[in-house]
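Data block below; observations after.
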Amino acid sequence: MARSVVGKAVRPAHYVAGEFRSVGAARFPLVNPVDGAVVGEVPEADRETVDAAVAAARAALAAWGGSSVEVRAAALRRIADGVEARFDEFVDAEVADTGKPRDLAASVDIPRAIGNFRAYADLLYGRPERAHSTAVPGWSGGTGQALNYSVRRPLGVVAIVSPWNLPLLLLTWKVAPALAAGNTVVAKPSEETPSTATLLAEVIHEVGLPVGTFNLIHGHGAGAAGEFLTAHPDVDAIAFTGESATGTAIMRVAAEHITPVSFELGGKNPAIVFADADFEQAVAGTLRSAFTHSGQICLCTERVYVERSIHADFVAELGRGARALTGYGPMISAAHRDKVLSYYRLAVEEGATVVAGGGVPAFGDERDRGFHVEPTVLTGLSQGARTVREEVFGPICHVAPFDTEDEAVALANDSPYGLAATVWTRDLSRAHRVAPRVAAGIVWVNCWNLRDLRTPFGGIKASGIGREGGEYSLDFFSEPVNICIAI
Ligand code: NAD
Ligand code: 6OD
């Protein structure tokens, strides 16, 4: 396999106070998960570098936070244009870091990153400002009226910590609204995927925001750059996407300074397939929702509940579809591959029937040195099995039967998580009845991962705190201040 197929790494660097810094003793290797090759090295930010980034963001706040909506919206559009102008470079870097199929990076990750900046540039103009006329009985001066109006001010210095699965998409999903609302940013992408974040810093540098408005640091999480940043006393808010357990750790340190948090966390997402669904559409949709990006999307389906009358046929067809999948990418790392394989073994120990996959594919080329696992379909487990309860974050789904609508909803809701769910039915009344009863932040009916950036996005229970998307992100990244004028 030519190395161009596995992308082209960039040289990751911190971006602090308007300067790129890749000096420093501590570095760690960047590994391409497609073939396990070391493609570069990443600088690890020490406490001093994190402090410098936060200080730079603080110093830039007056200039950026005080700039007009027009100035900020225009800057966001120039960032979007800048990413678009270097589209292929971004795709190459995303593929090199994640090993994801090139068409996925080119059709989802990079266009959505561009879209995130454009969407928030548009949304800024649409923000309503509230005013209330207040009668003040007994007020002797003026008109006996007061005018209350509220303005939104930025929170200040925002820490953004993001994961490896959709690196640029998820980083920009927070950077764009944070900047739009007038905050300054210190961002830390996952240690596994530093490259597109570095390219983004280059684009922002060229656009020329006030020095220190956007800062980027690389490094690990616990006990390292991520924790130095989220525990920093001069950080005013934390927006985090990643594992629920990491959310717990961040919340602990955030509690020290009562720092507000927005969390997008893990999931164990259910799909409910009713017998009246379009069978082929439901199978194809579930193949997509379970196996896109080899199951490494927080929205992916890992639990499928199918009405008993079609359960056997559905399992057979889903298994056939999973076995026929080709061209899928690897797990992000050897450690994550080992975790996913440990669940494949656990499922068997728990009594699962393996319908498809369950092991490591053999390609007969460089990919055999990479971190691939087979798309896996299971059945036969009880609802209490760990494989059915715990997030695997790989290409695995378990298919169980149900008999009634109430039972389907109860099974779907029987989870510590509540991020996303999918319902497959041709009965519109049933869709309306079932969707709001499913305990998840996002419910798709006869589709999956169909996104409108204005809609609320987030999870309930262990899947998150708060909502992002559209107005919801702008609300998190700013706070209203009420001004009352006697007139
Ligand atoms: P992770 O929690 O291990 O890491 C995410 C980020 O947090 C990384 O940048 C990491 O360095 C940093 N980090 C880790 N420990 C930290 C600490 N103690 N303090 C500060 N920072 C720390 O997650 P991951 O493995 O990169 O991503 C996969 C997980 O993310 C899955 O659980 C998935 O469901 C979840 N996810 C959720 C969403 C969503 O929108 N709900 C989106 C994508 C991924
Ligand atoms: O589409 C989005 O806006 C979004 N936040 C997707 C998250 C996917 C999780 O892996």
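Position 1 is the first residue of the sequence; numbering continues from there. Every number for a ligand or one of its atoms is a count from 1 in the order of the listing.
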Handout entry: Among N449, N116, N165, closest by any non-hydrogen atom to atom 10 (O) of ligand 2
Key = N165
Exercise for the section: Please confirm whether L265 comes within less than 3.5 Å of ligand 1 when only nitrogen or oxygen atoms on both sides are compared. Expected result: yes
Exercise for the section: Report the part of S162 (side chain from C-beta onward, or backbone N, CA, C, O) that has a heavy atom under 4.0 Å from ligand 1; answer both or neither where that applies. Expected result: backbone
Problem - Protein heavy atom under 4.0 Å of atom 4 (O) of ligand 1 - result: no
Exercise for the section: Classify the contact between P189 and ligand 1 as side chain, backbone, both or neither, using a heavy-atom distance cut-off of under 4.0 Å. Expected result: backbone
Exercise for the section: Any atoms of ligand 1 less than 4.0 Å from a non-hydrogen atom of G221? List them with their elements. Expected result: 11 (O), 13 (N), 14 (C), 15 (N), 16 (C), 17 (C), 21 (N), 22 (C)
Handout entry: F214/H205 aromatic ring centres below 6.0 Å
Key = no
Practice task
Just let me know how T241 lines up against ligand 2, side chain, backbone, both or neither, with a heavy-atom cut-off below 4.0 Å.
Solution key: neither
Handout entry: ligand 1-proximal atoms of L170, by part, heavy-atom distance under 4.0 Å
Key = side chain
Practice task
Would you tell me whether T49 and D46 have side-chain atoms, one donor and one acceptor, within less than 3.5 Å of each other?
Solution key: yes
Handout entry: Under 3.5 Å side-chain donor-acceptor pair for Y305 and R303
Key = yes
Problem - Any R112 heavy atom less than 4.0 Å to ligand 2 - result: yes
Problem - Numbered atoms and elements of ligand 1 in range of G226, under 4.0 angstrom, heavy atoms - result: 19 (N), 20 (C), 21 (N)
Fill in the blank from the handout: Looking only at non-hydrogen atoms, the one of R451, E468, K174 nearest atom 2 (C) of ligand 2 is R451
Practice task
Could you list all the side-chain hydrogen bond (donor to acceptor under 3.5 Å, both in side chains) pairs where at least one residue sits in residues 154-177, not counting sequence neighbours?
Solution key: N116-T172, W173-E264, K174-T241, K174-E468
Handout entry: Under 4.0 Å to a heavy atom of C298 - the qualifying atoms of ligand 2, by number
Key = 7 (C), 8 (C), 9 (C), 10 (O)
